[in-house]
Amino acid sequence: ATAKEKELETRLAYEIEEPVNQFLPLLDDPDFCLNDELRRRLTHYIILLFHRSEARRGLTEHLHQLTVMAVNRFLENEQQINTVVVQWTIDQRHSRAGLRERITPDMVKRVAQKLLKHYESDRSKQANYAETIERNITFFDDEFYSGEWRIIRTTSDYPFVISDAPVTTWERLEDANSFKYGVGFHELNVEAFLPISPRVCLHILPRIYRTREVRMPSVSEINAVQAAFSSRACYANICSEEIDAVLQKNFGKAKMGKTAFTLWHRDYSNWVYQVMMRSIVNGK
């Protein structure tokens, strides 16, 4: 696992980070043009920056809870279990090894429980996280890239802050001063933010369906969402009681897997069933 992680870190530095770091400071120049190629590089960079934050790692426990729920739903569904028995029996009869042990509902249940134990292990959690990073190195989010990219600028006396979870999202609600923090990059009315410097912040509107007009965010609103997502701290280049007051009111409002980026609303009734239908008999 350590060797794999070192390989991923090398790829991240060489393929994603270094090309972006070469032009990122240039965004401070109002005349700098963010062309298609640079947006393409930034798309990879921003998605991976999101997944590598400490706040994103907090989703691990949430995903574990979803797995437990999905496995338990499968174990309570006799129809799905019996269908898996039939499918595995057919697969076994057509395998080169020929007919071996008779497939039973109890056998299927044991494999499902084994699947749960696999996901519960610390080694599995770390491996799954590494796999997520590896997938996102090669995956390209076209909806994110082909959306509308804006650059918001501010003055030196009221700068943007940046937190240890710098990529943030929100949906501005009907009440224009209210927000739903931590919506997915492809969800309704999502807006994404990444402060680049104290004076510059990227504002990305992925190409998704929108039900209301996008308003220009204020510096205070962007600083507030940085504080909401932060795990430990926010950083500013000046000492400002006004900025600190905004941050203090918003720390801890968007905890991933608890109050932001939760997945409870999705239907997991068939997830384990679909995995089991593809599994090799006896869980090997």
Side-chain angles (χ1 to χ4, degrees), residues 27 34 39 42-43 45-59 62 136 141-154 158-236 242-266:
L27 290 175
L34 193 60
R39 284 193 295 111
L42 275 169
T43 296
Y45 178 86
I46 293 171
I47 298 299
L48 281 159
L49 189 61
F50 168 78
H51 282 290
R52 296 180 74 198
S53 72
E54 184 174 342
R56 164 61 180 82
R57 286 177 176 264
L59 277 175
H62 177 53
N136 280 284
D141 192 329
D142 190 64
E143 284 76 17
F144 196 91
Y145 160 76
S146 59
E148 181 181 353
W149 290 61
R150 302 177 176 182
I151 296 178
I152 303 174
R153 300 185 184 276
T154 187
Y158 198 76
F160 294 113
V161 303
I162 191 166
S163 79
D164 48 20
V167 180
T168 60
T169 68
W170 74 37
E171 177 191 356
R172 190 185 290 271
L173 303 178
E174 291 290 348
D175 171 6
N177 296 317
S178 299
F179 302 91
K180 178 183 178 183
Y181 287 157
V183 295
F185 292 125
H186 301 152
E187 290 190 34
L188 185 74
N189 297 318
V190 63
E191 302 174 51
F193 300 89
L194 174 61
I196 298 298
S197 77
R199 293 187 298 177
V200 177
C201 179
L202 287 176
H203 179 202
I204 301 114
L205 308 174
R207 184 170 53 101
I208 49 85
Y209 183 69
R210 299 186 180 276
T211 61
R212 59 185 72 102
E213 185 177 352
V214 176
R215 291 184 50 176
M216 176 63 71
S218 69
V219 176
S220 290
E221 288 173 336
I222 294 173
N223 287 345
V225 73
Q226 284 288 308
F229 274 81
S230 66
S231 296
R232 298 181 183 178
C234 286
Y235 306 91
E242 184 180 0
I243 292 175
D244 185 60
V246 171
L247 302 183
Q248 294 299 332
K249 288 190 300 184
N250 290 281
F251 281 125
K253 283 189 175 180
K255 293 187 178 296
M256 293 194 189
K258 295 181 179 179
T259 58
F261 289 102
T262 58
L263 301 173
W264 293 115
H265 60 284
R266 297 187 180 181

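Counting from 1, the numbers follow the sequence of the chain as shown.
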Approximate separation, where rounding is to 0.5 Å, of I151 CD1 and C201 SG:
10.0 Å
Answer whether the closest heavy-atom distance between the side chains of I47 and Y145 falls below 4.5 Å.
no
Please report the shortest heavy-atom distance between P198 and T154, naming the atom on each side.
O-CG2, 3.3 Å
Atom pair CZ/CD of R207 and E143 - distance to nearest 0.5 Å
5.5 Å
Would H203 and I222 satisfy side chain to side chain contact (heavy atoms under 4.5 Å, CB included), going step by step from the backbone distance to the final call?
CA-CA 10 Å; H203 179 202; I222 294 173; over 6 Å; no
Can you see which heavy atom on D164 is nearest to which on S230, and at what distance?
OD1-CA, 3.3 Å
Does R172 pair with E213 as a salt bridge, N-O distance under 4.0 Å?
no
N250 side-chain N/O to E221 backbone N/O, donor-acceptor pair under 3.5 Å:
no
Distance from C234 atom SG to I162 atom CD1, nearest 0.5 Å?
9.5 Å
Write down the atom of S220, the atom of V246, and the distance for their closest heavy-atom approach.
O-CG1, 3.6 Å
Do side-chain atoms of Q226 reach the backbone of S163 as a donor and acceptor pair under 3.5 angstrom?
yes
Compare every heavy atom of F193 with every heavy atom of P217, then report the nearest pair and how far apart it is.
CG-CE2, 3.6 Å
Is the backbone of V183 close enough, under 3.5 Å, to the side chain of T169 for a donor and an acceptor to pair up by distance?
yes
What are the two closest heavy atoms between R150 and V214, and how far apart are they?
NH1-CG1, 3.8 Å
Using 0.5 Å steps for rounding, measure from the CZ atom of F160 to the CD1 atom of I196.
10.5 Å
Nearest-0.5 Å distance that lies between atom CD1 in I46 and atom CD1 in I204:
4.0 Å
Quick one: do E148 and E191 satisfy side chain to side chain contact (heavy atoms under 4.5 Å, CB included)? Show the steps, please.
CA-CA 10 Å; E148 181 181 353; E191 302 174 51; over 6 Å; no
If you take all heavy atoms of L202 and L27, which pair is closest and at what distance?
CD2-CD1, 4.4 Å
Angle between ring planes, F144 versus F185, binned at 30° and 60°: parallel, tilted or perpendicular?
perpendicular
Should the ring pair Y181 and F229 be called parallel, tilted or perpendicular, given that the plane angle runs from 0 to 90° and is split at 30 and 60?
tilted
Would you say I208 and E187 make side-chain contact, with heavy atoms under 4.5 Å?
no
Find out whether N189 and R210 are in side-chain contact, i.e. whether some heavy atom of one side chain is under 4.5 Å from a heavy atom of the other.
yes
